[in-house]
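Quick note: numbers below take in every heavy atom, side chains included, and nothing from hydrogens, waters or symmetry partners.
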Number of protein chains: 2
Amino acid sequence: MSRPNQSPERRLELVPVLAHTFAEFGYRRTTTAELGERCGVRENILYRLWPDKRAMFVAALDYVYQLSEKTWNELLARADDRVSPAELILDYESTHQGEFGLYRIVFAGLSETDDPEIAEAMRRLYGRFQHFVRKQVKAHHDGVAVPAVTDPGLVAWAIVGLGTVANIGRELGLLSVRARKRLVGEVGRALLRDWADEG
Amino acid sequence: MSRPNQSPERRLELVPVLAHTFAEFGYRRTTTAELGERCGVRENILYRLWPDKRAMFVAALDYVYQLSEKTWNELLARADDRVSPAELILDYESTHQGEFGLYRIVFAGLSETDDPEIAEAMRRLYGRFQHFVRKQVKAHHDGVAVPAVTDPGLVAWAIVGLGTVANIGRELGLLSVRARKRLVGEVGRALLRDWADEG
DNA sequence: GTCAATAGTAAGTGTGCACTTACATTTGGA
DNA sequence: TCCAAATGTAAGTGCACACTTACTATTGAC
């Protein structure tokens with residue numbers, strides 16, 4: 001034997017670059033030549049690390065979730081007991097949401113769901129997002145007498161929907177920063193609010 | 001002169017076919033050859049009716065909104081005063097939402113927003129959706145003492161978000177028919193509910 | 001130092017597809 | 001019945017781009 005295989009490390013280095021490139025151009029309009037250039041390598045180097053362009057995209061999708069989860073977990077680690085985790089994430093997302101433009105990968109993925117592997121990656125992404133949010137909503141509900149919506153799973157989907165539509169509004173220039181903040185903040189809180197409280 | 005130009009009529013005939021084809025394959029994976037075949041004409045016929053593929057897509061996007069608006073207006077025309085128009089639309093969407101798969105065109109459009117004309121068409125689409133829903137929410141608020149969220153515009157965006165995430169859940173097989181119905185129905189009603197009522 | 005595997009360079013290649021061109025046929029107003 | 005415009009057919013064309021091949025240079029365990 002000679003020279004240890006450093007492919008895994010190399011993949012970890014390059015995935016963020018892939019993700020940002022796919023976010024910028026979408027799936028189809030991203031060329032493997034462009035990916036190589038951004039990564040500072042020739043195309044065939046990428047083809048040694050991943051079997052095809054599709055696999056590069058799937059890797060980028062997985063990276064997007066991991067990055068979000070990491071950010072949220074760091075956020076929750078700094079939580080005190082005055083504000084519930086669910087509210088903390090809402091507040092965070094209402095200001096920082098989408099700031100790296102990575103949501104555009106998700107949009108790209110949504111029109112490539114005929115590919116089973118991409119569909120699977122999208123399922124992982126949305127499934128995990130919803131699962132994560134649901135956990136926080138459930139915890140939040142422990143301190144709530146009469147939740148506006150009883151099923152935490154439904155609330156989690158609705159919150160994911162808020163984030164999604166906020167990103168659509170941003171992408172199309174239909175929602176200002178301020179409007180997006182109010183959308184996620186006010187509607188999100190209405191979904192979490194205690195129905196037993198005063199109006 | 002001889003033979004009147006029937007292009008406008010022909011366009012009206014063909015647009016639904018374009019829309020269903022784009023919905024099936026997305027923007028990039030739809031070939032002009034396929035469009036021609038589905039329309040039962042040669043490619044260059046399509047190029048006489050629209051300048052390029054992009055224009056065909058934009059026409060399909062506009063068609064999608066027109067179809068939805070038509071459906072909703074017919075629905076509202078049958079309304080009585082026991083249920084508010086906003087609730088009527090929620091109930092309708094919670095069962096029939098996305099049934100023709102045309103939402104997939106919207107997903108396709110979301111990853112083509114770098115094209116100014118497509119972006120503009122998407123803005124029209126989402127802008128009109130939100131505007132339409134907002135009108136119904138506003139009317140609904142007239143009969144409500146303390147709305148859960150005061151700004152009808154925000155509520156409208158949230159409802160559009162519910163529809164969007166429900167379609168994503170359907171597309172990825174993450175939400176069953178039943179779950180989608182509950183998502184749009186229960187969360188939608190929570191957003192419309194009167195905060196002054198009993199819990 | 002040797003050798004085998006890794007890492008990198010440079011130049012294809014084949015195909016899919018948006019769009020075009022050249023030509024034939026039909027239509028309907030005068 | 002003429003003829004100009006509309007409608008249709010058939011066969012390109014050129015380019016973008018995913019993926020490959022052939023080759024060179026580096027690394028590091030022995």
**OP:** Could you check which of D:dG8, D:dT20, D:dC19 has an atom nearest any side-chain atom of A:Asn44?
**Re:** D:dT20
**OP:** Apply the side-chain hydrogen bond (donor to acceptor under 3.5 Å, both in side chains) test between B:Arg104 and each candidate in B:Glu24, B:His20, B:Glu171; give the one that qualifies.
**Re:** B:Glu171
**OP:** Take B:Arg48 and B:Asp52, find for each the nucleotide of DNA chain C with the closest heavy atom, and name the residue whose nucleotide sits nearer the 5' end.
**Re:** B:Asp52
Original post:
Whole-Å distance between D:dA16 C1' and A:Glu34 CD?
Top reply: 14 Å
**OP:** Nearest whole angstrom, please: distance from the P of D:dT7 to the CG of B:Leu49.
**Re:** 8 Å
Original post:
In whole angstrom, what separates A:Tyr27's OH from D:dC17's C1'?
Top reply: 12 Å
**OP:** Could you pull out the closest heavy-atom pair between A:Asp52 and A:Tyr47, with the gap in Å?
**Re:** CA-CE2, 3.9 Å
**OP:** Provide, to the nearest angstrom, the distance between the CZ atom belonging to A:Arg29 and the P atom belonging to D:dC15.
**Re:** 20 Å
**OP:** Rounded off to whole Å, could you give me the CZ-to-C1' distance for the B:Arg11 and D:dA6 pair?
**Re:** 13 Å
Original post:
Is it true that atom CD of B:Glu37 has more than 12 heavy atoms of other residues, nucleotides or ligands lying nearer than 6.0 Å?
Top reply: no
Let me check something: any side-chain donor-acceptor pairs from residues 136-148 of chain A under 3.5 Å, sequence neighbours excluded? List them with distances.
| unit_1 | atom_1 | unit_2 | atom_2 | d |
| --- | --- | --- | --- | --- |
| A:Gln136 | NE2 | A:Phe132 | O | 3.4 |
| A:His140 | ND1 | A:Ser84 | OG | 2.7 |
| A:His140 | NE2 | A:Leu192 | O | 3.1 |

Subject >> Euclidean distance, atom OH of residue B:Tyr47 to atom P of C:dC19 [Å, nearest integer] >> reply: 4 Å
Original post:
Phosphate oxygens OP1/OP2 of C:dA18: is one of them under 4.0 Å from a side-chain N or O of B:Thr32?
Top reply: yes
Original post:
To the nearest Å, how far apart are A:Phe57 CZ and D:dA18 P?
Top reply: 13 Å
Original post:
In terms of side-chain heavy atoms of A:Lys53, which of C:dT9, D:dA18, D:dA10 is nearest?
Top reply: D:dA18
Subject >> Nearest-angstrom distance from the residue atom CZ of B:Arg42 to P of C:dA24 >> reply: 16 Å
